[in-house]
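A note on names: the letters A, B, ... follow the listed sequences, proteins ahead of strands, and every chain is numbered from 1.
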2 protein chains.
Amino acid sequence: MQKKRERLLTETELELMCIVWRLGQATVREVRENLPEGRDITYTSVAKILSILEEKGALGSKKGEKTYLYYPRIAKEDYESRALRHVTQGLFDGNPGSLVMRLLDGTDLSREDLAEIRKTIEARLDP
Amino acid sequence: MQKKRERLLTETELELMCIVWRLGQATVREVRENLPEGRDITYTSVAKILSILEEKGALGSKKGEKTYLYYPRIAKEDYESRALRHVTQGLFDGNPGSLVMRLLDGTDLSREDLAEIRKTIEARLDP
DNA sequence: AGATGTCTACGAAAACTTTCGTAGATCTCC
DNA sequence: GGAGATCTACGAAAGTTTTCGTAGACATCT
């Protein structure tokens with residue numbers, strides 16, 4: 001048996017998934033209306049991706065007033081962690097510390113961000 | 001014209017790219033030999049992906065003793081930053097602080113990791 | 001020179017992702 | 001009840017990624 005590698009959502013899937021996370025639940029129409037400016041894909045294309053997301057277990061659906069409502073079956077936080085593990089494995093040798101180091105090096109973090117992160121770390125170091 | 005979104009390397013491309021980064025430079029054969037246990041793809045498949053990576057500008061190649069040597073044209077560090085920006089944008093609302101928070105929440109970081117990260121942050125806060 | 005092995009190029013099959021159109025179902029408003 | 005709009009299901013075209021096979025080039029050994 002082939003070890004099924006943990007696949008992340010694809011670009012477009014994630015894009016739509018984020019909209020559902022943000023709205024809490026949404027119809028195809030609503031997802032479509034919440035696409036960013038200039039991003040236009042047809043109603044049916046959006047419907048298709050949502051149904052794929054349902055197939056993959058990321059979304060559920062239920063009958064709403066007149067149309068289906070899609071809602072997340074996985075928490076955004078969980079997916080975030082999963083994505084970070086994936087990146088950590090694939091690019092940072094499984095070492096999350098290296099990831100943070102790279103982020104600190106390659107990104108402009110505000111003093112506020114830095115201070116907040118430090119506070120969180122200290123809370124963890126001194127329980 | 002369609003705004004070309006910044007595409008990251010695909011899974012397999014990244015997998016091979018990491019091997020070249022690790023080895024510094026490598027022949028097709030060497031890359032193949034450095035695949036993880038149980039991952040077998042044919043010589044020609046590896047060669048194909050490497051040539052795609054060259055096409056995309058991620059690798060260069062030169063004549064070695066008897067066979068081509070591939071070497072990185074982009075630094076791993078740069079790619080890491082790029083990947084993190086991509087994740088930050090796509091999943092954390094453009095906010096790198098949120099990313100770190102999620103990593104701290106969703107991952108078991110060792111005390112050493114935490115301490116090291118804190119040190120880096122403090123160095124940045126008090127220059 | 002000829003057989004054998006290794007290497008690169010090329011193309012294309014297979015798999016997956018993204019996008020769309022059509023057709024049938026359902027609702028809504030005269 | 002019928003015209004028109006909206007919704008879902010289905011399938012498939014178009015695009016991309018992954019994988020492989022074949023063929024020609026080049027070397028090596030005998």
Distance-only check: which donor-acceptor pairs under 3.5 Å involve side-chain atoms of residues 114-127 of chain B, not counting sequence neighbours?
residue	atom	partner	partner atom	Å
B:Thr120	OG1	B:Glu116	O	3.0
B:Arg124	NH1	A:Leu104	O	3.1
B:Arg124	NH2	A:Asp105	OD1	2.9

Identify all side-chain donor-acceptor contacts of residues 24-34 of chain B below 3.5 Å with residues at least two apart in sequence or on another chain.
residue	atom	partner	partner atom	Å
B:Gln25	OE1	B:Lys62	NZ	3.4
B:Thr27	OG1	B:Arg29	N	3.4
B:Thr27	OG1	B:Glu30	N	3.0
B:Glu30	OE1	B:Thr27	N	2.9
B:Arg32	NE	B:Ile41	O	2.6
B:Arg32	NH2	B:Ile41	O	3.3
B:Asn34	ND2	B:Glu30	O	2.8

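Hydrophobic cluster membership differs between A:Leu35 and A:Leu69, with clusters built from Ile, Leu, Val, Met, Phe, Trp and Tyr side chains linked at under 4.5 angstrom. Tracing side-chain contacts under 4.5 Å through hydrophobic residues (I, L, V, M, F, W, Y), one never reaches A:Ile52 starting from A:Met17; they form parts of separate clusters.
Rounded to a whole Å, the CG atom of A:Leu16 is 9 Å from the P atom of C:dT18. Nucleotide D:dA9 holds its C1' atom 15 Å from the CD1 atom of A:Ile49, rounded to whole Å. In this structure, CD of A:Glu13 is placed 8 Å from C1' of C:dT17, rounded to the nearest angstrom. With rounding to whole Å, A:Leu9 atom CG is found 16 Å from C:dC16 atom P.
Contacts between residues 50-63 of chain B and DNA chain C, counted as heavy-atom distances below 4.0 Å, involve no residue at all. Within a heavy-atom distance below 4.0 Å of DNA chain C, the residues of residues 28-37 of chain B found are B:Val28, B:Arg29.
Judged by distance alone, with hydrogens and angles left aside, the side-chain atoms of B:Asn95 form a donor-acceptor pair with the main-chain N or O of B:Gly97 at under 3.5 Å. With hydrogens and angles disregarded, a donor-acceptor distance shorter than 3.5 Å links the side chain of A:Lys76 to the backbone of B:Leu91.
Judged as a side-chain hydrogen bond (donor to acceptor under 3.5 Å, both in side chains), and not counting sequence neighbours, the contacts of A:Glu54 are A:Ser61. Considering only residues two or more places apart in sequence or on other chains, B:Thr67 meets the side-chain hydrogen bond (donor to acceptor under 3.5 Å, both in side chains) condition with none of them. Not counting sequence neighbours, B:Arg73 has no partner by the side-chain hydrogen bond (donor to acceptor under 3.5 Å, both in side chains) test. A:Thr44 pairs by the side-chain hydrogen bond (donor to acceptor under 3.5 Å, both in side chains) definition with A:Thr42, not counting sequence neighbours.
Of all the heavy atoms in B:Leu14 and B:Leu9, the pair that sits closest is N-CB, 4.2 Å.
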Taking only N/O atoms, report every protein-nucleotides 25-29 of chain C pair under 3.5 Å with atom names and distance.
residue	atom	partner	partner atom	Å
C:dT28	OP1	A:Lys66	NZ	2.6

Enumerate the protein-to-nucleotides 20-25 of chain D contacts in which both atoms are nitrogen or oxygen and the separation is below 3.5 Å.
residue	atom	partner	partner atom	Å
D:dC20	OP2	B:Thr42	N	2.8
D:dC20	OP2	B:Thr42	OG1	3.4
D:dC20	OP2	B:Ser45	OG	3.2
D:dG21	N7	B:Thr44	OG1	3.2

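Among pairs with a residue in residues 21-64 of chain B, those fulfilling ring-ring contact (aromatic ring centres under 6.0 Å, His included) read B:Trp21-B:Tyr79, at least two apart in sequence or across chains. Among residues at least two apart or in separate chains, there is no ring-ring contact (aromatic ring centres under 6.0 Å, His included) pair with a member in residues 96-127 of chain B.
Relative to the side chain of B:Thr67, the nucleotides C:dT19, D:dT19, C:dC7 differ in distance, and C:dC7 lies closest.
Look at A:Thr12 and you'll find a side-chain N or O under 4.0 angstrom from OP1 or OP2 of C:dT18.
At the heavy-atom level, A:Tyr43 lies under 4.0 Å from base atoms of the strands shown.
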